[in-house]
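Take a look at the structure set out below.
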Amino acid sequence: MLNHSLKTRDSAVTSRRAFLRGSAAAGGALVIGLHLARDGARAAGGPDLSKAPAKPNAFVRIAADDTVSVVIKHLDMGQGNTTGLATIVAEELDADWAQMRAVFAPADASLYNNLAFGPIQGTGGSTAVANSWIQLRKAGATARAMLVAAAAQEWKVPAAEITIEKGVLRHASGKEGRFGAFAAKAAVQPIPENPTLKDPSAFRLIGTRLPRLDSNAKTDGSAVYALDVRRPGQLTALVARAPRFGATVKSVDDDAARAVPGVVQVVRIPSGVAVVARDTWSAMKGREALTVTWDDTGAERQSTESQQAAYKAMAAKPGLVASKRGDAAGGIKGAAKVLEAEFNFPYLAHAPMEPLNATIERAADGSYDIYAGSQFQTIEQAVAAGILGTTADKIRITTLWAGGSFGRRATASADYIAEAAAILKATGEKTPIHLVWTREDDITGGYYRPAAYHRIRAGLDAKGAITGWEHTVVGKSIIIGTALEAMMVKDGVDATTVEGAADTPYALPAYRFEVHNAREGVPVLWWRSVGHSHTAQAMEVFIDELAHAAGQDPVAYRLGLLKQAPRLSAALTLAAEKAGWSAREQKPGRGYGVAAHESFGSYVAMVADVTAEAGKVKVNRIVAAVDVGVAVNPDIIRAQVEGAVGFALSAVLRNRITFKDGEVQEKNFDAYEPTRMSEMPKVEVHIVPSAAAPTGIGEPGVPVLAPAIANAVFSATGQRLRSLPLDLTALRGV
Amino acid sequence: MTKLTLNGRTYEVDADPEMPLLWAIRDHLNLTGTKYGCGIAQCGACTVHLDGQPVRSCQTRLGDVGEGKITTIEGISGPVAEAVRTAWRQLDVVQCGYCQSGQMMSAIGLLSENRKPSDADIDAAMDGNVCRCGTYQRIRAAIHDAARSLA
């Protein structure tokens, strides 16, 4: 049996994982740390990097071997931010792309907080590039200025006469050198207070296609995910959790489980009963052999039918006002035509390909190490510290590649990290514990996209103009009841329930958006695009209905309502043009639909081309246009939109989490089936040129897919399928 | 002890012969390029080659491998494997990357049998491999590119 340890404490993210140690051994290195919150730049570390890595106060490290490592403060769960953030630094540094590397930052919110989140280190809300844009440009420009100063000193020439191109410093006298040669000298230069940032017209790397930094390691099996961590002596733990949310353990008979070969220990933890074994298979067998009796006193017993009926009943009553303008009811009362629609949305599981897992161990000095695809480092540190009876600074986190997340790894309760810490504690902290969730645990384990119900009424005048819009949303708040409530909920309204509706860019003369916070005991969470994942469907399908009721073209009708929203209009216009909207061929069974939606500061429009027949929808082609401000990595932007289509399509066509007497009915990919190759439409992505500050693209491709398809199904069949997933059994065909 | 021939080497694995090959590879041989995704042969993340044929290692019992030769992502070689890997890299297929070992093992299996697969052939060979990031369009393009480079 092999027993080599694949893993080290370094969370290097390229396949060149020896970089940090290598550069430390090599001596001279430039290390740049930059913190906007602290007024400018500061450098730390100095030539002896061997002492620095424990707390590498830095975003940029230039080593004697001429590699430039960008310290990535975000989780890369596939969205490509390691490449994107490295691009920003490389641009200001005038580096050669081939010399760029990326390493994941340690957990340290004083250095690596998300500037969009305030004091918290974490990833979400499509903010990685957006919040780092100026921070990393300044870091790159600072490093560049210090390299130039070092070269000027050595060559005895004025700094202003030195140029840099593709990682080579040059002077007209013929002198030239690469970064590595000046790294040590650069590290001791004064730190420029306000380094000059490039004019965007001088960008050489930003806006071009650069190879992803993670492609090599992810195509030869060497990329290390949390599930791949192998610490000496580690044991694998699986947890038996209650089949109903809110139930607790009444009694456990673990005799048979303990008798399973390979099972080492069985321990009670707050979320259930953990079986600890020498390998995953033994832990699975051990868990199967457990007999747990659950106390359902506080358990959630809802069924999907009762939940949907309850939401509908709530919507009939006055709710909290999320936004309003004018007299919506009066506008509808005096309308020539009134339209009304309701939409149901199911709970959805994130189902990242790599199930939740984390390894935790106690170090000799009483501090702890966590290895995880960590998405909310600061919260995870605090939660683990609370369980282990220590302080957050004693919790180190090695962030690894994450096999997807779609929001699931970012919980305010740090749920799976808390479980791992509880098991470590319950087992005496003697050996490293690798907590693993199986796919069944993942699908049935909660933290779902909240179920939602929308009811909309709107009036049109004789010319088809909207006279009033009344809109009620029912759903469980993601934030209320969590540690984030004080920061993120105002007057009982959780913006994540109504975002994308209550702040609609459409020019509505009178509107009223109300919200009801449902309170069932199902844990809910942000799911790629959060509230937009349902609000865009309600808004964009209903707008389409109004356009048809008004007898107007769906694109022209939207543009007429978006005069104050030029960026969304431009994306919509581009998508329509590239899709050949005005020349589209309508024929029975073949249809085209459009949708446009802003989320996370990015503007996306899609045109869907579908074939629909009784009980079946085939999406042939998606043409998308996106405005994300400056397109740092156009190919990654395209990839994210292609991927958003692949990710969201199964939620349009079939995915839903349903309940019977409180128990989740779907257990694995057979009943909760992701999109497959044969279903994937052709996706074309067009980028609107923009000089605006970059925004995110991890999520914004998701919301528009469903309404574009639903509207295309209407154009193909004349049937409105509003709820998600689309009720294909109701589709009669033509 | 169960004897296992994997990536050209012979191992003695001290594990239950009922153990799925997946867990023997990952937990006992510590070769972690082969991934766990569902455990019920619905996602293909665990795909390895058994005597050159793609199989789901989560449904292959360790004790049933016998004299069969196992190849994992770490051990692939030859012109087809190189063509696939090169195409995957040139098109930047990966996003989270977790499913891609399995995707590549299935693609290598396809191209080893069929040097010029049609879109329908790709659908048939690849439908068992799930990618939650939705990289299918690039996987398809990479398979076509690899096929061209092998022609």
Side-chain angles (χ1 to χ4, degrees), chain A residues 1-4 6 77-80 211-212 214-225 227-228 230 236 261-262 279-282 351-355 401-404 406 438-440 635-636 639-640 642-649 668-670 673-678 680 682-683, chain B residues 11-16 18-20 22-24 26-40 42-43 45 72-74 76 84-85 88-90 92-101 104 120 122-140:
Chain A
M1 190 161 56
L2 283 181
N3 196 19
H4 68 283
L6 290 171
M77 48 199 128
Q79 73 279 48
R212 285 179 74 118
D214 53 352
S215 269
N216 286 1
K218 288 178 176 177
T219 50
D220 65 10
S222 69
V224 178
Y225 300 82
L227 202 72
D228 305 332
R230 298 289 179 270
T236 302
D279 56 42
T280 316
W281 176 245
S282 305
M353 284 306 295
E354 180 196 15
W401 294 113
F406 315 116
T438 62
R439 178 60 58 200
E440 289 82 3
D635 192 56
I636 290 179
Q640 282 303 296
E642 293 163 13
V645 170
F647 172 80
L649 183 58
N668 204 317
F669 284 148
D670 48 352
E673 190 182 8
T675 306
R676 293 188 183 274
M677 172 67 87
S678 59
M680 183 73 188
K682 287 194 170 65
V683 182
Chain B
Y11 299 91
E12 295 281 337
V13 182
D14 178 15
D16 181 353
E18 294 291 312
M19 179 182 286
L22 168 67
W23 298 115
R26 288 186 52 83
D27 291 356
H28 287 261
L29 303 186
N30 285 327
L31 286 169
T32 56
T34 304
K35 303 303 189 195
Y36 163 74
C38 72
I40 59 166
Q42 290 291 309
C43 79
T72 69
I73 187 74
E74 293 93 344
I76 54 171
V84 166
R85 186 173 273 156
W88 246 251
R89 290 175 177 177
Q90 282 183 346
D92 275 341
V93 168
V94 304
Q95 289 187 25
C96 91
Y98 189 82
C99 74
Q100 299 293 349
S101 297
M104 292 170 66
I122 292 173
D123 286 348
M126 304 301 294
D127 247 9
N129 286 82
V130 165
C131 173
R132 276 294 271 167
C133 297
T135 63
Y136 298 115
Q137 176 157 298
R138 291 185 189 221
I139 291 172
R140 183 186 301 282

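Numbered from 1 within each chain, the chains take letters A, B, ... in sequence-line order.
- Chain A forms the most heavy-atom pairs under 4.5 Å with one residue out of B:I73, B:D127, B:N129, and that residue is B:D127.
- The side-chain contact (heavy atoms from CB on, under 4.5 Å) search around B:Q90 returns B:T86, not counting sequence neighbours.
- Ion pairing between A:D635 and B:R138 holds under the 4.0 Å rule for side-chain N and carboxylate O.
- At a cut-off of 3.5 Å, with distance as the only test, a side-chain donor of A:D279 or B:H28 sits close to an acceptor on the other residue.
- Within the 4.5 angstrom heavy-atom criterion, atoms from both the backbone and the side chain of A:M353 approach chain B.
- Most heavy-atom pairs under 4.5 Å with chain A, from the set B:Q100, B:M19, B:R132: that is B:R132.
- Looking at A:A639, both its backbone and its side chain come within 4.5 Å of chain B, counting heavy atoms on both sides.
- Comment: A:E354 does not engage B:K35 in a salt bridge, judged by the lack of any side-chain N to carboxylate O separation of less than 4.0 angstrom.
- Heavy atoms only, all atoms of each residue included: A:N668 and A:E440 are closest at ND2-OE2, 2.8 Å.
- With sequence neighbours excluded, the residues that form a salt bridge (charged side-chain N to carboxylate O under 4.0 Å, His left out) with B:R89 are A:D220.
- Side-chain contact, B:Q42 with A:E673: no donor N or O sits under 3.5 Å from an acceptor N or O.
- In this structure, no portion of A:V645 lies under 4.5 Å from any heavy atom of chain B.
- Heavy-atom pairs under 4.5 Å with chain B were tallied for A:A351, A:P261, A:S282, A:G262; the largest tally goes to A:A351.
- Contact tally against chain A (heavy-atom pairs below 4.5 Å) for B:E18, B:R85, B:E74: the top residue is B:R85.
- Contact count against chain A (heavy-atom pairs under 4.5 Å) is highest for B:Y98 among B:W88, B:W23, B:Y98, B:Y36.
- Chosen from B:G33, B:G39, B:G37, the residue pairing most often with chain A at heavy-atom distances under 4.5 Å is B:G37.
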